[in-house]
Amino acid sequence: IGGNGPEGPRLDDGVLVGRGRVFAATSNPGKFEEFRSLLAGLSVEVLSLADQPPVVFPEEGTEYEANAVAKARAVAEALGEWALADDSGLEVDALGGAPGPLSARYGGPGLDDSGRVVRLLGALEDFPQAQARGARFVCVVALVGPGGEQAIARGECAGRILASVRGDEGFGYDPVFQPQGFEGSMAELGPEVKDQISHRARAFAELAPALAEIPVASD
Ligand code: ITT
């Protein structure tokens, strides 16, 4: 204890004070940035897996909750630490709710974010009416502790799919997603607005009490 810099844990009148820490169980840099900004106001430090031994993640299935828990559990068990995972996706009305939990794999393994966006716009070409282009982002976050502790929260953000890409902030489907009540795409609105209204922001707000319970790290 001590010598950890101003934000590290310290003994204050015999009581351990400071910040708990949680590892972000994600390989998606866009998500990681949002984890950090969304949790900036809490007394918990969000760490990446970059300097950790590689973690083997289970194959993802078709349920947000099971996927999120599996990712967090893999990291919590491998590192003996608290871990936070997010499983999310875009549900499009005209596609019967697809791609949903399969959003990261939409269009097959050869595509990147912009390839998947092009593919989505192509699939919606026959659905020009705003109503058919209704959509929502869904996010389920799972917090798993080293002793098997577990908390889960879900958030949604309603909107519609635009006719073409707009803006260059955010990641994934943000350039073609217009949140309800806003004029621009999520990629035009930028991180400050996104962090107020997003599916991830809502899920994290619900998870905040559990995150606040993470004990102060002692090493
Ligand atoms: P990890 O599993 O390593 O966290 P991933 O990108 O594979 O990363 P998911 O399986 O949860 O994560 O896939 C979610 C996909 O849904 C993601 O790749 C995006 O394409 C999309 N998505 C989720 N949240 C989004 C957001 O806030 N903005 C835009 N697209 C988003």
Side-chain angles (χ1 to χ4, degrees), residues 22-38 46 48-50 52 54-75 78 83-92 95 97-121 123 135-144 152-162 165-179 182 184-204:
V22 63
F23 282 83
T26 181
S27 58
N28 182 322
K31 279 190 192 177
F32 183 71
E33 281 306 308
E34 292 186 12
F35 280 24
R36 278 227 150 136
S37 59
L38 288 168
V46 183
S48 90
L49 296 177
Q52 302 303 315
V55 176
V56 180
F57 287 98
E59 183 85 1
E60 286 197 35
T62 55
E63 301 286 336
Y64 298 113
E65 184 173 319
N67 290 344
V69 169
K71 287 187 268 191
R73 187 167 295 282
V75 170
L84 180 62
D86 154 322
D87 202 67
S88 42
L90 177 68
E91 300 182 351
V92 182
L95 304 180
L102 303 176
S103 294
R105 287 168 279 169
Y106 182 59
L111 299 182
D112 59 7
D113 275 357
S114 50
R116 283 185 280 274
V117 163
V118 169
R119 171 80 180 227
L120 176 67
L121 292 178
R136 74 207 54 79
F137 275 130
V138 177
C139 174
V140 173
V141 281
L143 176 67
V144 174
I152 295 165
R154 178 187 175 103
E156 294 192 10
C157 178
R160 69 180 190 99
I161 305 301
L162 293 162
V165 296
R166 289 171 59 171
D168 54 13
E169 305 223 55
F171 67 95
Y173 300 92
D174 282 342
V176 288
F177 184 83
Q178 179 181 47
F182 292 83
S185 74
M186 198 70 112
E188 288 178 305
L189 292 170
E192 290 79 18
V193 175
K194 184 175 180 184
D195 279 357
Q196 298 293 321
I197 63 167
S198 80
H199 47 317
R200 190 161 293 107
R202 291 184 173 134
F204 275 31

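We count residues from 1, following the sequence as given. Order of appearance sets the numbers: ligands from 1, and atoms from 1 within every ligand. In what follows, every heavy atom counts, from backbone to side chain, and hydrogens, waters and symmetry copies are set aside. Here the structure is a predicted model, which means the values were calculated and not measured.
In terms of protein heavy atoms, atom 14 (C) of ligand 1 is closest to S88 O, 3.1 Å. Shortest contact from atom 29 (C) of ligand 1 to any protein heavy atom: F171 O, 2.9 Å. Distance from atom 20 (O) of ligand 1 to its nearest protein heavy atom, with residue and atom name: Y173 CE1, 3.2 Å. Looking only at protein heavy atoms, the nearest one to atom 11 (O) of ligand 1 is K31 NZ, 2.8 Å.
Ligand 1 places these atoms under 4.0 Å from at least one heavy atom of D174: 26 (C), 28 (N), 29 (C). For ligand 1, the atoms sitting less than 4.0 Å from at least one non-hydrogen atom of N28 are 3 (O), 6 (O), 8 (O), 18 (O), numbered in the order shown with element in parentheses. Short contacts between ligand 1 and D87, defined as distances under 4.0 Å to a heavy atom of the residue, involve ligand atoms 9 (P), 10 (O), 11 (O). Listed by atom number, the atoms of ligand 1 under 4.0 Å from S103 heavy atoms are 15 (C), 16 (O). Close contacts between ligand 1 and T26 involve ligand atoms 1 (P), 3 (O), 4 (O), 8 (O) [criterion: under 4.0 Å to a heavy atom]. Listed by number with element, the atoms of ligand 1 under 4.0 angstrom from any heavy atom of G89 are 16 (O).
No more than 12 heavy-atom neighbours from other residues, nucleotides or ligands sit within 6.0 angstrom of CD on E63. The number of heavy-atom neighbours closer than 6.0 Å to CD of E188, taken from other residues, nucleotides and ligands shown, is above 12.
Below 3.5 Å of separation, one finds an N or O of K71 facing an N or O of ligand 1. Between R200 and ligand 1, a contact under 3.5 Å exists for at least one N or O pair.
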For F177 and L162, what are the C-alpha separation, side-chain angles and deciding distance, and is it a side chain to side chain contact (heavy atoms under 4.5 Å, CB included)?
CA-CA 6 Å; F177 184 83; L162 293 162; over 6 Å; no
Are K194 and E169 close enough, and set up right, to give a salt bridge (Lys or Arg N to Asp or Glu O under 4.0 Å), and what steps lead you there?
CA-CA 10 Å; K194 184 175 180 184; E169 305 223 55; over 6 Å; no
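For atom 3 (O) of ligand 1, the candidate residues are C157, S27, A104; the nearest heavy-atom contact is made by S27. Residue nearest to atom 27 (O) of ligand 1, selected from K194, E60, E34, R105: K194 (by heavy-atom distance).
Checked against F32 for a side chain to side chain contact (heavy atoms under 4.5 Å, CB included), the options L49, D86, V46 give a single hit: V46.
Rounding to the nearest 0.5 angstrom, the gap separating the CZ atom in F35 from the OG1 atom in T26 is 5.5 Å. For the atom pair K31 NZ and D87 CG, the distance stands at 6.0 Å (nearest 0.5 Å). Atom OG in S88 sits 5.0 Å away from atom NE2 in H199 (nearest 0.5 Å). To the nearest 0.5 Å, the span separating CD on Q196 from CZ on R202 amounts to 10.0 Å.
Residues P101 and T62 share a closest heavy-atom pair of CG-O, 3.3 Å.
Residue contacts with ligand 1, taken as heavy atom pairs separated by less than 4.0 Å, do not involve M186 at all. Residue-level proximity to ligand 1 for Y106 is absent, since no heavy atom of it falls below 4.0 angstrom. At a heavy-atom cutoff of 4.0 Å, ligand 1 is contacted by the side chain of H199 but not by its backbone.
Residue contacts with ligand 1 leave out R116, since none of its heavy atoms falls under 4.0 Å from the ligand.
A distance-only check finds no donor-acceptor pair linking the side chain of R116 to the backbone of Y173 [under 3.5 Å].
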